[in-house]
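What follows is one structure encoded as structure tokens, with my remarks underneath.
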Amino acid sequence: TTFNARTYLQPQLNKACRFEDMLKKGDRNPKDHILCSQGDFTIGGCTRDNTGANSYPEERVLPSLDFPSDHCIIVAELSVTPTASAS
């Protein structure tokens, strides 16, 4: 849930890469998670957003001028499982 690539204008030059090498050398990993105990919730749906406009272009590098975070938004629609709320 992140895809960032440092430029040579940012600190930590050892992590910087050229634009052409972004896909190969950029940090592109799932880093944001929603955790809960098994059986407590029913998942109604989930989505992620790296634009602020409820979309997720796979090749979008973060942060951007439109979306200043280096992590995307994770959204999950959860319903409490009836047996979980009784305990």
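The figures here come from the full heavy-atom set of this structure, side chains too, leaving out hydrogens, waters and symmetry mates.
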* Distance-only, no hydrogens or angles: does the S64 side chain make a donor-acceptor pair with backbone N or O of F67 under 3.5 Å? ->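 Present.
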* T47 side chain to V75 main-chain N or O, any donor-acceptor pair under 3.5 Å? ->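 Not a single qualifying donor-acceptor pair exists.
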* **Under the side chain to side chain donor-acceptor pair (under 3.5 Å) test, residues paired with T42 that sit two or more places apart** =>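 None.
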Any residue meeting side-chain contact (heavy atoms from CB on, under 4.5 Å) with [X], in chain and number order, not counting sequence neighbours:
X	value
S55	T51, P57
E58	R28, R48, Y56
I34	I74, A76

* To do: To the nearest 0.5 Å, tell me how far S69 OG sits from D49 CG.
  =>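 The OG atom of S69 sits 10.5 Å away from the CG atom of D49.
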* Please assess I43 against L78 for the test side-chain contact (heavy atoms from CB on, under 4.5 Å), listing each intermediate value before the final yes or no. => CA-CA 5 Å; I43 301 171; L78 305 173; 3.9 Å; yes
* For P63 and P68, work out which heavy atoms get closest and say how close. =>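 For P63 versus P68, the nearest heavy atoms are CB-O, 3.3 Å.
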* Flag the pair N50 / L62 as yes when at least one side-chain heavy-atom distance between them is below 4.5 Å, and no otherwise. =>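 Side chain of N50 against side chain of L62, heavy atoms only: contact under 4.5 Å found.
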* R60 and D66 ion-paired at < 4.0 Å ->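 Salt bridge flag = yes for D66 with R60.
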